[in-house]
Amino acid sequence: GGQYCTSLESVGDMPKLKVIEDAAFYGCSALKNIGDLNNVTSIGDNAFAGCASLESIGDLNNVTTIGKYAFSQCPNLRNIRFGSRVKRIGSNAFAQCTKLRNFILPASVRHIDARAFCQCPAVKVIRINSTALNYVGKKAFAVNKTVTIRLPEKLFARYQKLIKASNVYSKTRFVKY
């Protein structure tokens, strides 16, 4: 992979790429922007972990799986737009993304592993549009002490119970939409 490619600053659109392998861009400390990944279906473990300068990533339209630690410790990553096909988000996938802002989990999400969004202090609101969520790992939503998690009204009680059982901060707010 591109382990420790410290001078790579930008990666454009990658229309033919289907899989981003484990640790492909691990520790690429100067990498700031990644274009659209329209045909990528899987992002491997540690794929972009420790990319200290990473600020943005393009569309993840066809991604179904995001590996463990895929974007962990990317302190400048501000926005993530999950495509409508993502089913699984691995453990620590976005842990310690200190500037990550609000995001929406699409209807397709089924499985969120342990600490997936742990220690993301800038996130104020997470909206869960999923109607298929059936697994939330330990501390997956231990985002910060003041986060609000918006849940679909029809699944509110079930999802709130599922998320609370995984361990969240006591001041985590749950709101129906």
Side-chain angles (χ1 to χ4, degrees), residues 1-130 137 139-144 147 149-150:
Q3 218 164 351
Y4 302 108
C5 51
T6 55
S7 58
L8 180 67
E9 289 184 18
S10 184
V11 175
D13 295 349
M14 294 183 259
K16 296 195 190 301
L17 190 66
K18 301 257 189 247
V19 173
I20 295 178
E21 299 289 342
D22 292 355
F25 296 94
Y26 178 83
C28 292
S29 56
L31 183 60
K32 274 190 176 169
N33 304 300
I34 298 161
D36 289 343
L37 304 174
N38 285 329
N39 291 311
V40 171
T41 58
S42 177
I43 296 175
D45 297 348
N46 293 294
F48 297 96
C51 290
S53 301
L54 186 62
E55 292 175 3
S56 67
I57 186 160
D59 285 332
L60 303 174
N61 293 338
N62 290 303
V63 172
T64 59
T65 305
I66 297 172
K68 60 186 177 193
Y69 294 92
F71 294 94
S72 74
Q73 297 180 342
C74 291
N76 288 298
L77 182 63
R78 293 179 193 279
N79 300 304
I80 189 82
R81 285 186 317 277
F82 296 101
S84 61
R85 297 188 177 170
V86 68
K87 287 180 173 51
R88 183 178 195 138
I89 298 172
S91 64
N92 295 284
F94 295 91
Q96 298 174 328
C97 288
T98 52
K99 289 186 182 167
L100 185 65
R101 295 198 184 122
N102 303 351
F103 57 89
I104 297 169
L105 292 173
S108 55
V109 172
R110 293 180 182 182
H111 194 106
I112 300 171
D113 283 320
R115 297 173 303 282
F117 298 100
C118 195
Q119 298 176 358
C120 296
V123 174
K124 303 245 185 298
V125 179
I126 298 169
R127 181 180 167 119
I128 299 177
N129 284 350
S130 179
K139 296 188 177 182
F141 289 105
V143 181
N144 60 54
V147 72
I149 300 176
R150 297 179 56 82

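Counting only residues at least two apart or on different chains, the salt bridge (Lys or Arg N to Asp or Glu O under 4.0 Å) pairs with a member in residues 54-67 are D59-R81. Note on residues 34-52: pairs passing side chain to side chain donor-acceptor pair (under 3.5 Å), not counting sequence neighbours, are N38-N61. Counting only residues at least two apart or on different chains, the salt bridge (Lys or Arg N to Asp or Glu O under 4.0 Å) pairs with a member in residues 88-100 are R88-D113.
Checked against side chain to side chain donor-acceptor pair (under 3.5 Å), Q73 has the following partners two or more places apart in sequence or in another chain: Q96. Evaluation of the side chain to side chain donor-acceptor pair (under 3.5 Å) rule for N79 yields no partner, not counting sequence neighbours. Residues that satisfy the side chain to side chain contact (heavy atoms under 4.5 Å, CB included) test with I104, not counting sequence neighbours, are R127, N129.
Evaluated for a side-chain hydrogen bond (donor to acceptor under 3.5 Å, both in side chains) with N33, the options S56, S53, S10 yield exactly one hit, S56.
Atom CZ of F48 and atom CD1 of I43 lie 6.0 Å apart (nearest 0.5 Å). Atoms CZ and CD1, on F71 and I34 in that order, are 6.0 Å from each other to the nearest 0.5 Å. With rounding to the nearest 0.5 Å, the separation of NZ in K18 from CG in N62 is 8.5 Å.
Proximity of L54 to F25: side-chain heavy atoms (C-beta onward) are nowhere separated by under 4.5 Å. V123 is not listed as a side-chain neighbour of F94, based on a closest heavy-atom distance of 4.5 Å or more.
Pairing each heavy atom of G83 with each of S108, the nearest pair is O-OG, 4.3 Å.
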